[in-house]
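Every value quoted in this text rests on a predicted model; they were computed, and no experiment measured them.
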Amino acid sequence: MTVPISNLVTNVVIILGLFSNFGESMRFDLTSGHTKCVSEDINHNGMTVGKYSVVNPNEGYPLPDTHKLTVKVTSPYGNSYHQGDHVESGNFAFTAAEAGDYTACFWSPDHNPPATVTVEFEWKTGVVSKDWTKVAKKGQVDMMELELKKLFDTVSSIHEEMFYLREREEEMQELNKTTNSRMASLGFISLVVCLSVAALQIWHLKTFFERKKLL
């Protein structure tokens with residue numbers, strides 16, 4: 001039985017929609033003198049891109065200096081991957097050299113009177129971080145081939161993510177074993193200390209009563 005190409009393409013698009021949702025888009029308000037941080041869990045060698053911009057409260061006019069931000073993106077070990085000082089927009093893209101939570105922090109300088117800054121932020125990781133329009137232009141591929149390329153990259157990304165989650169699970173299990181072992185040792189030591197104190201109290205009382213010739 002032959003499956004129509006249009007139906008196959010539709011199925012590929014549906015699968016991509018279900019399994020390639022590794023992006024985060026948001027809008028938030030930031031008051032002068034405050035900081036807001038957003039974290040994203042990225043595995044080793046994972047590709048990520050992000051862009052941010054301040055919403056101009058007065059369209060058609062220059063953005064006020066009170067709405068400029070300081071932005072910094074850091075790795076789980078504190079390495080800086082992007083920094084912008086006194087900016088109104090920007091973007092970043094990198095391949096993660098470390099696995100873990102990467103953090104993007106937005107800081108609005110203190111002003112008097114305070115100002116509220118609205119920020120639009122989009123952060124994508126994995127297969128959704130690729131610019132598929134460039135892939136299509138570069139390879140001169142048709143719709144079917146492009147969707148298959150997307151599906152292949154999505155499956156590869158999910159496969160890598162599963163191995164990454166398995167590694168994290170093993171780390172958590174090892175941490176639980178170590179914690180349980182330490183708790184058991186602490187409980188045993190506490191029991192020994194309690195028994196020793198009880199024995200010492202009995203010996204002290206016995207000695208006290210013998211001195212008073214009550215025993």
Side-chain angles (χ1 to χ4, degrees), residues 18-31 33-50 52 69-85 92-108 110 119 121-129 153-212 214-215:
L18 290 175
F19 292 102
S20 63
N21 186 24
F22 298 102
E24 185 175 6
S25 181
M26 65 179 68
R27 173 184 281 208
F28 58 87
D29 292 333
L30 186 61
T31 307
H34 290 75
T35 302
K36 181 176 180 60
C37 295
V38 180
S39 296
E40 184 76 14
D41 189 8
I42 307 175
N43 57 359
H44 181 64
N45 286 332
M47 186 170 60
T48 182
V49 296
Y52 56 88
L69 300 174
T70 295
V71 184
K72 188 173 184 179
V73 180
T74 56
S75 72
Y77 296 100
N79 297 319
S80 179
Y81 278 82
H82 171 78
Q83 183 162 349
D85 295 320
F92 57 86
F94 58 87
T95 299
E98 309 158 8
D101 289 331
Y102 284 73
T103 305
C105 289
F106 300 82
W107 176 69
S108 177
D110 198 7
V119 182
F121 181 44
E122 185 178 16
W123 198 349
K124 296 180 180 179
T125 60
V127 66
V128 296
S129 63
D153 279 4
T154 300
V155 172
S156 299
S157 178
I158 294 173
H159 188 255
E160 294 175 358
E161 189 73 17
M162 289 177 64
F163 276 104
Y164 173 65
L165 292 176
R166 185 179 299 175
E167 291 177 358
R168 294 293 294 269
E169 182 181 3
E170 291 175 355
E171 291 176 0
M172 292 301 298
Q173 289 178 351
E174 187 64 27
L175 179 62
N176 289 335
K177 289 181 182 179
T178 304
T179 303
N180 292 335
S181 176
R182 290 178 178 176
M183 290 299 296
S185 301
L186 181 61
F188 177 75
I189 294 174
S190 299
L191 179 62
V192 171
V193 170
C194 290
L195 292 176
S196 300
V197 172
L200 184 62
Q201 288 179 336
I202 293 174
W203 175 81
H204 178 72
L205 290 173
K206 182 179 180 182
T207 304
F208 174 77
F209 287 134
E210 286 178 348
R211 287 177 184 173
K212 297 296 183 179
L214 296 176
L215 290 178

(message) Do Y102 and S39 have side chains that approach each other closer than 4.5 Å (heavy atoms only, starting at C-beta)?
(response)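 Counting from C-beta outward, Y102 and S39 never come under 4.5 Å.
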
(message) For H82, give me all partners under ring-ring contact (aromatic ring centres under 6.0 Å, His included), at least two apart in sequence or on another chain.
(response)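 By the ring-ring contact (aromatic ring centres under 6.0 Å, His included) rule, H82 matches Y52, F92.
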
Nearest-0.5 Å distance that lies between atom [atom1] in [X] and atom [atom2] in [Y]:
X    : Y    : atom1 : atom2 : value
Y81  : T95  : OH    : OG1   : 9.0 Å
T48  : I42  : OG1   : CD1   : 4.0 Å
L69  : W107 : CG    : CH2   : 10.0 Å
E167 : N43  : CD    : CG    : 9.0 Å

(message) Could you work out, with salt bridge (Lys or Arg N to Asp or Glu O under 4.0 Å) as the rule, every residue matching R27, not counting sequence neighbours?
(response)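 E120.
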
(request) Quick one: list whatever passes salt bridge (Lys or Arg N to Asp or Glu O under 4.0 Å) with D101, sequence neighbours left out. (result)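 Salt bridge (Lys or Arg N to Asp or Glu O under 4.0 Å) check on D101 returns nothing, list empty.
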
(request) Could I get the full list of side chain to side chain donor-acceptor pair (under 3.5 Å) partners for T74, not counting sequence neighbours? (result)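 In terms of side chain to side chain donor-acceptor pair (under 3.5 Å), with neighbours along the sequence ignored, T74 is linked to no residue.
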
(request) Applying side chain to side chain donor-acceptor pair (under 3.5 Å), name anything that partners E98, two or more places apart in sequence or on another chain. (result)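 For E98, the residues satisfying side chain to side chain donor-acceptor pair (under 3.5 Å) (neighbours in sequence not counted) are S75, N79.
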
Can you give the donor-acceptor pairs under 3.5 Å from side chains of residues 176-198 to other protein atoms, not counting sequence neighbours?
unit_1, atom_1, unit_2, atom_2, d
N176, ND2, M172, O, 3.3
T178, OG1, E174, O, 2.9
T179, OG1, L175, O, 2.8
N180, ND2, N176, O, 3.1
S185, OG, S181, O, 3.1
S190, OG, L186, O, 2.8
S196, OG, V192, O, 2.8

(request) Give a yes or no on whether the backbone of A97 and the side-chain of H44 come within a donor-acceptor separation of less than 3.5 Å. (result)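 Such a contact is found between H44 side chain and A97 backbone.
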
